[in-house]
Trainee: 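After the structure tokens below, expect a handful of questions from me.
Bear in mind the structure is a predicted one, so any value in this text is a computation, not a measurement. Each ligand, and each atom within it, is numbered from 1 in the order the structure gives.
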Amino acid sequence: MNRVYIKTYGCQMNERDSEAVAAMLRGKGYSMVENESEADVILLNTCSVRDQAEQKAIGKAGHVTARKRKNPNLIVGIMGCMAQNRGDELIDRLPDLDLVVGTQKFHRVPEHLDAMIATMQGQGPRPESIVDLEEEAGSQNTIRSHVEDKRQVSAFVSIMQGCNMKCSYCIVPKTRGEERGRPMESILEEVRELAAKGTREVTLLGQIVNQYGVREFPFVEKKSPFVQLLEQVNEIDGIERIRFTSPHPVGFRKDLIDCYARLPKLCEYIHFPMQSGSNRILKAMRRPYTIEKFRSIIEQLREVRPDIYISTDIIVGFPGETEEDFELTRKHFEEIGFDMAYLFKYSVRPGTTAEPLGDPVATEVKEERNQKLLDILGKRSLTRNESLVGHIEEVLLEGPAKRGEGMFMGRTRGHRKVIVPASERLVGELVPVRINSATASTLMGELMLEGVEPAPTAYANSI
Ligand code: SAH
Ligand code: SF4
Ligand code: F3S
């Protein structure tokens, strides 16, 4: 009764939460399995950010609960954002569900499973479904100390929970609650522990990660708590690379920009969501910045790190987005020259302030706008990758690649994916790789373990 399979939907924060649940369960004697057909317990960690994400998880939950007809002892649970968003309604819809656990209750999963299994083994009646969705004061402090036993070359570290912004399209404040920062010392302890187990790269996670701790901790010498945290992570031996996601233009000041010039471990890569290039739409989205302000931050970043790689999030088809609005998005998207982007078609979310606006932009129009941005992205990404051919890049080898024996996958400091013939021994190492060929998404290379040539330092913005 103790083999657990967890399937994760949604963002990195969910991935980190699933890892934490897995680590807690292992600590209580459960084992994690890779294949759901071997599992006694199936947990779906869900996302609500777009309707499609919810429908996918509901479809999956339907399939999985249907299996209980053959295997009545199977335990099925839904956790995470959709559990929080839909709550009891999920049990009404899927009466065979055993567990519905919200985003502030991940740490309670082991005790709920223990209780359920104890009732089942006592041959009692089938236990009632458990629904645990309450907010919990201090739940940000439960994130700590769920470090995996196995080595993670690159690890996510959640530094805060929740979000206090009110972007009109977004359900996250509803599913994740109020913004709460973890104590800085506890985050640093977790990073030190990871480093001791062989982690080389950490990605600090938060919904507005640069707002970390602004209410809990003071500014010191005009440096925000987030910048103070970056400085301290930079000091930790063994950690070679630092990334974070996602920052917001609000509160993105000189102290953070300067970090790109002075903290050597902070990678020259940033995920910086733009959402739209039209000030009118940004206002309707309740994103409190203009496109000019957004671009000026990027300019300042490029001044201190000319070779920085930038990715973004864009929503096309927000209610009221006209051709002119989209044209502005297209123009700024092209001029800025993003190296990567997540492009989303607007999806109405219940309970958001944009909900009453409906979904007036036709699906075909959204598709078309999405495609235009994809074309721009494909070209830019290819040009950027091709500029690396013939150069040597520092690559952190993460593990075997999907494409066959002897091939390994790693990333450059700019977060470009590299495939290289290597050996298991080098996993977790920073190795110099000569780039031999490139597609828009992947670089192919060979190890250059002797005679390291300098990597290109500046990338002239070609657009
Ligand atoms: N906190 C992050 C975003 C987290 S959600 C930030 O503010 O940058 C990830 C992305 O999903 C958002 O950046 C947005 O582009 C997209 N998204 C959120 N709600 C959406 C919706 N209702 N429809 C389409 N895309 C959405
Ligand atoms: Fe959603 Fe906006 Fe918060 Fe990001 S900042 S999670 S988009 S409300
Ligand atoms: Fe989805 Fe929740 Fe993340 S809604 S994007 S899993 S915070």
Trainee: Just jot down the ligand 1 atoms closer than 4.0 angstrom to any heavy atom of R349, in number order.
Mentor: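 Those atoms are 22 (N).
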Trainee: Touching ligand 1 at all, H271? Heavy atoms, strictly under 4.0 Å?
Mentor: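 The answer is no, since H271 has no heavy atom less than 4.0 Å from ligand 1.
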Trainee: Counting only heavy atoms, which portion of R176 has something under 4.0 Å from ligand 2: side chain, backbone, both, or neither?
Mentor: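 For R176, there is no contact with ligand 2 at all, from either part.
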Trainee: Counting only N and O atoms by type, is there a donor-acceptor contact under 3.5 Å from the side chain of R413 to the main-chain atoms of L266?
Mentor: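 Here the side-chain-to-backbone pair exists.
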Trainee: Do S347 and ligand 1 have an N or O pair less than 3.5 Å apart?
Mentor: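 S347 vs ligand 1: N/O contact under 3.5 Å present.
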Trainee: What do we get for C47 next to ligand 3 when only non-hydrogen atoms under 4.0 Å count, side chain, backbone, both or neither?
Mentor: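 Under 4.0 Å from ligand 3, C47 contributes backbone and side-chain atoms.
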Trainee: Are E323 and R369 ion-paired here, with the side-chain N under 4.0 Å from a carboxylate O?
Mentor: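 Looking at R369 together with E323, the answer is yes, because their closest N to O distance falls below 4.0 Å.
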Trainee: Atom 13 (O) of ligand 1: which protein heavy atom is closest, and how many Å away?
Mentor: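 That would be D313 OD2, 2.6 Å.
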Trainee: Look at atom 7 (O) of ligand 1 and say which protein heavy atom is nearest, naming residue and atom and giving the distance to 0.1 Å.
Mentor: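 The protein heavy atom lying closest is R287 NH1, 3.1 Å.
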Trainee: With a 4.0 Å cut-off on heavy atoms, is G80 touching ligand 3?
Mentor: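 For ligand 3, residue contact (heavy atoms, under 4.0 Å) with G80 is absent.
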Trainee: Going by the atom numbers of ligand 2, which of them fall below 4.0 Å from some non-hydrogen atom of C163?
Mentor: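 Under 4.0 Å from C163, ligand 2 has these atoms: 3 (Fe), 5 (S), 6 (S), 8 (S).
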Trainee: Go through V101 and I78 one step at a time and tell me if the side-chain contact (heavy atoms from CB on, under 4.5 Å) criterion holds.
Mentor: CA-CA 6 Å; V101 179; I78 291 190; over 6 Å; no
Trainee: Hey, is P273 touching ligand 2 through its side chain, its backbone, both or neither, going by heavy atoms under 4.0 Å?
Mentor: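 It is neither part, as no heavy atom is under 4.0 Å.
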Trainee: Between the side chain of D339 and the main-chain N/O of I310, is any donor-acceptor distance below 3.5 Å?
Mentor: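 Present.
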Trainee: Can you tell which part of C167 has a heavy atom less than 4.0 Å from ligand 2: side chain, backbone, both or neither?
Mentor: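 Answer for C167: both.
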Trainee: For atom 18 (C) of ligand 1, which of the options V250, T352, V49 provides the nearest non-hydrogen atom?
Mentor: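 Among V250, T352, V49, the closest heavy atom to atom 18 (C) of ligand 1 comes from V49.
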Trainee: Among all protein non-hydrogen atoms, which one is nearest to atom 3 (Fe) of ligand 3, and what is the separation to 0.1 Å?
Mentor: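 Sorting protein heavy atoms by distance from atom 3 (Fe) of ligand 3 puts C11 SG, 2.3 Å first.
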Trainee: Please state which part of R176 comes within less than 4.0 Å of ligand 3, counting heavy atoms only: side chain, backbone, both or neither.
Mentor: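 The part of R176 near ligand 3 is the side chain, not the backbone.
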Trainee: Determine whether a donor-acceptor pair (N or O, by modelled atom type, separation under 3.5 Å) exists between the side chain of Y212 and the backbone of R182.
Mentor: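 Flag set: sc Y212 to bb R182 pair under 3.5 Å.
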Trainee: With R50 as the cation and F344 as the aromatic partner, state whether NZ or CZ is under 6.0 Å from the six-membered ring centre and within 45° of the axis.
Mentor: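 Checked: cation-pi criterion met.
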Trainee: Run the side-chain contact (heavy atoms from CB on, under 4.5 Å) test on V227 and L229 for me, step by step, so that the C-alpha distance in whole Å, both residues' side-chain angles and the decisive distance to 0.1 Å come before the verdict.
Mentor: CA-CA 5 Å; V227 167; L229 178 67; over 6 Å; no
Trainee: Is a donor on one side and an acceptor on the other found under 3.5 Å between the side chain of T199 and the backbone of Q152?
Mentor: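 Indeed, once roles are kept as given, a pair shorter than 3.5 Å links the two residues.
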Trainee: Which residue supplies the protein heavy atom nearest to atom 2 (Fe) of ligand 3, what is that atom called, and how far is it?
Mentor: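 Heavy-atom neighbour on the protein nearest atom 2 (Fe) of ligand 3: C81 SG, 2.2 Å.
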Trainee: For V172, counting its heavy atoms only, list the atoms of ligand 2 lying under 4.0 Å from any of them.
Mentor: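 With V172 as reference, the close atoms of ligand 2 come out as 6 (S).
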Trainee: Measure the distance from atom 7 (S) of ligand 2 to every protein heavy atom, then report the residue, atom name and distance (to 0.1 Å) of the closest one.
Mentor: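 Scanning the protein heavy atoms, the shortest distance from atom 7 (S) of ligand 2 goes to Y169 OH, 3.3 Å.
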Trainee: Of the listed options (Q12, Q52, Q207, Q275), which comes nearest to atom 4 (C) of ligand 1 when hydrogens are ignored and any heavy atom counts?
Mentor: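 Result: the heavy atom closest to atom 4 (C) of ligand 1 is in Q207.
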